[in-house]
Structure formats: C-alpha cells, structure tokens
Amino acid sequence: MHKLVLWFFENLNNIGQTLSLICSFFIMTTLFYWLEILTKSQWNWLNLIKPVLDVILDFSNSIFPFSITAFGTVFDAKFITAIVVLMCLMLIIRFSVEGINNLKYMYDDMHNVHKKNIEKNFNKQMTNKVVSSEIKISKYKVLISTKIKNKFDHEEIRIKVDINEENNKLNNFLFQKTGIKYEILNNGFLYNFDNFNQIDDILDILFKLLDSSSKIDYAICIQSGDNETNLNKLAELKYYNKIIFCADTLLRYKCNKSHRYGTQNIGIFQQSDGNTIEVHEFHKIL
C-alpha cells in the first residue's frame, strides 16, 4: 500500500511538471504567433502548432474579448488574453505540484512515525517476551577453579602452601555463607544455586574471596540455567581473580530488578571447535 501511494504521488508530480512545460511551450509559441502577425511574416515552422494555438486563442477570446487601438490601428488582444490565461493555468499547476509535494512530505512523515510506532511496539513486545522468558530462569551455577598465587609458587617455598588445605578453607567458607555443598567438575568446585534474582548476595561473598589474603587465586565462572557447556568454556579461559560469565547470563542479570554490580565486556574468544564465546565480567560499582 505504501509503495502504491508513493507511486500515485510520483505520477501526479510528473503529470504536473509535464503540464507546466506544455503551458510554457504554448506561451512561447503564442508570442511567436503574435509576432508573426504583427510583422506580417511567414514562419513555416509555426504551421504545425497553429491549429492548436487557434483553438487556445478562440477559447481565450470567448472568455474575455477585447481589442487595443494604437498608432491608428486596432489590434486584436486575444493573444494577450491567451498568454494571461496560459500563465494563470501554469501558476495553478505549479501551486498544485507544490501542494502535492507537501502532501507527499506529510505522508512520508506520518508513515515514518507510524512505522517507528510499529517497530517500538514490536520491540517492546519482544523485550517483554524475552524478559518473561529470562525471569523464568532461576537456577545458576558457579564454578570455581584455584591455583597457588605466583608469589608462592617457587621451588624453595612451594611446600609451605598446601593447595588442598586452601581449597578446604574456600569450601568451608562458602558452605558457611550459603549452605550449599559443592560438586567436583573439571578439577573445579561447582555450586548450584536456585535464585538468580538474589545473585548479588552471592556476588558479595565471591568478591570477599577475591579481596581476601588467601594464598590461592580464584577463577570464578557463572552461568545461568543448566548450560554446563558454556561453564566449561569459561573455565578453559583461566581468568583468575575475575568473576566472568557469558552473554546469556548478562541478559538474565539485566532482567533483575536491582543491580549492585556493574558489568563489562572482556572480549569475544574463539574456541577450539571454531565457535566463539562472548565473555563479560562483574565489577564493583564505586
């Protein structure tokens, strides 16, 4: 329908422009016709158009017949009448074309507003649909991998750090704070939670780990839902002293009503299987 309306406006504009040119042509040829009579000349090239000009002259003369007396001679003023009529007709056509163009601009504006409203409503519906779908995801997983801090990882002092003891401290601390027992997954500690809306409370605890004076570093990965594949991909990156997650978890976090932590993009990483993964991290809001 929109294309049909534009086609209609375009053709009206073309017709108006053509009629305006025709009027200009008749005005010019009428002047030459009048000049031919005044000079009592004979211009053969005018013979082809004279029948049409005679019709225009007769019509104009029937509207307002008058004559002019000058230099002792009476001049038939139908040429002046015809030229005035043609000029008025050309002006009417020009104003009509201008009006058609203004209507086209108004229609374009109305169409764009209507289109934007449709897109806005569609995006709102899609957003509501996505939010409704994401809100239903309440479970999430936290996978923590550990390693001895670099400053303790030397031959002469390595025996002073017991990684198992440090891991026990970690898991005891988390059990005290959350009441959740861990599972072993890919040499890491997997914690399953069931209330994503309160993930900020868990993040408070995890950031305490990162800020602690422990002798081990923590690579913490979070994944909404039950997608352990993404969780394992995140763990393979070995981002220590960061809390990282994938884009789908970011979307779920944005659906929470409150956010005590900010997020930022770390990058897009290509996996060994050729696929890519978009990785983000939580950070404290200062």
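Because only heavy atoms are used, hydrogens play no part in the values below, and waters and symmetry mates are left out as well, while side chains stay in.
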CG on L210 to NZ on K242, rounded to 0.5 Å: 10.0 Å
Give, for atom CD of E119 and atom CG of N112, the distance between the pair rounded to the nearest 0.5 Å. 9.5 Å
Looking at D226, L185, I222, which one forms a side chain to side chain contact (heavy atoms under 4.5 Å, CB included) with K141? D226
Taking all heavy atoms of D200 and all of S258, pick out the closest pair and write down the distance. OD2-O, 3.7 Å
Rounded to the nearest 0.5 Å, what separates atom SG in C246 from atom CG in N227? 7.5 Å
Would you say that more than 12 heavy atoms from the other residues, nucleotides or ligands in this model lie under 6.0 Å from the CZ of F207, or not? yes
Could you tell me whether D108 and K104 make a salt bridge, using a distance below 4.0 angstrom between a side-chain N and a carboxylate O? yes
May I ask whether I180 and L174 are part of the same hydrophobic cluster, defined by side-chain heavy atoms of I, L, V, M, F, W, Y residues being less than 4.5 angstrom apart, directly or through others? yes
Is the side chain of R252 donor-acceptor paired with the backbone N or O of F196 at a distance under 3.5 Å, no angle test? no
May I ask you to check whether F282 and Y253 place their ring centres under 6.0 Å from each other? yes
side-chain hydrogen bond (donor to acceptor under 3.5 Å, both in side chains) contacts in which one or both residues fall within residues 228-239, not counting sequence neighbours: N186-N232
Is the shortest side-chain heavy-atom distance between I144 and L206 below 4.5 Å? yes
side-chain hydrogen bond (donor to acceptor under 3.5 Å, both in side chains) partner of N167, the single match among T146, N172, D162: T146
Grouping I, L, V, M, F, W and Y whenever their side-chain heavy atoms are under 4.5 Å apart, do I93 and L91 come out in a common cluster? no
L86 versus I83: any side-chain heavy-atom pair under 4.5 Å? no
Crowding at NE2, H114 (>12 non-hydrogen neighbours, <6.0 Å): no
Evaluate the side chain to side chain contact (heavy atoms under 4.5 Å, CB included) criterion for residues L57 and D54: first the C-alpha distance (whole Å), next the side-chain angles of each, then the deciding distance (0.1 Å), finally the verdict. CA-CA 5 Å; L57 290 169; D54 288 335; 4.2 Å; yes
For L4 and W7, what are the C-alpha separation, side-chain angles and deciding distance, and is it a side chain to side chain contact (heavy atoms under 4.5 Å, CB included)? CA-CA 5 Å; L4 179 62; W7 177 87; 4.3 Å; yes
Working to the nearest 0.5 Å, report the span between CE of M28 and CD1 of I49. 9.5 Å
Counting only heavy atoms from other residues, nucleotides and ligands, does the tally under 6.0 Å from NZ of K147 exceed 12? yes
Keeping the roles fixed (side chain from S212, backbone from L209), state whether a donor-acceptor pair exists under 3.5 Å. yes
Can you tell me how far CD1 of I202 sits from OH of Y191, rounded to the nearest 0.5 angstrom? 11.0 Å
Are L234 and Y261 connected in the hydrophobic side-chain network, where two residues link if heavy atoms are under 4.5 Å apart? no
Whether the side chain of S145 engages the backbone of G188 through a donor-acceptor N/O pair (distance < 3.5 Å, no angle test) should be reported. no
Determine the minimum heavy-atom distance between M90 and C23, stating which atoms define it. CB-CB, 3.8 Å
For residues N44 and Q42, determine if any side-chain heavy atom of one lies less than 4.5 Å from a side-chain heavy atom of the other. yes
Treat each ILVMFWY residue as a node, draw an edge where side-chain heavy atoms are under 4.5 Å apart, and state whether F79 and L53 are in one component. yes
Side chains of L203 and K284: closer than 4.5 Å at any heavy-atom pair? no
For S214 against K149, the heavy-atom pair lying closest together: O-CE, 2.5 Å
Determine whether L21 and Q17 make a side-chain contact, defined as any pair of heavy atoms from C-beta on separated by less than 4.5 Å. no
Looking at every heavy atom in both G16 and V97, which two are closest together, and how far apart are they? CA-CG2, 3.5 Å
N123, CG: over 12 other non-hydrogen atoms inside 6.0 angstrom: yes
For F189, ring-ring contact (aromatic ring centres under 6.0 Å, His included) partners two or more places apart: Y182
Assess the residue pair V55 and V52 against the criterion (side chain to side chain contact (heavy atoms under 4.5 Å, CB included)); give the C-alpha distance rounded to whole Å, side-chain angles, the decisive distance to 0.1 Å, and a yes or no. CA-CA 5 Å; V55 172; V52 179; 5.7 Å; no
How far does OG1 of T178 sit from CG of N192, to the nearest 0.5 angstrom? 11.0 Å
Heavy-atom neighbours of F269 CZ exceed 12 at 6.0 Å: yes
For the residue pair Y218 and I243, establish whether any side-chain heavy-atom pair is separated by less than 4.5 Å. no
Is F245 linked to I266 within one hydrophobic cluster, defined over Ile, Leu, Val, Met, Phe, Trp and Tyr using a side-chain heavy-atom separation of less than 4.5 Å? no
Counting only heavy atoms from other residues, nucleotides and ligands, does the tally under 6.0 Å from NZ of K181 exceed 12? no
What's the shortest heavy-atom distance between D248 and Q223, and which atoms? OD2-NE2, 2.8 Å
How far apart are the closest heavy atoms of A82 and T30, and which atoms are they? CB-CG2, 4.4 Å
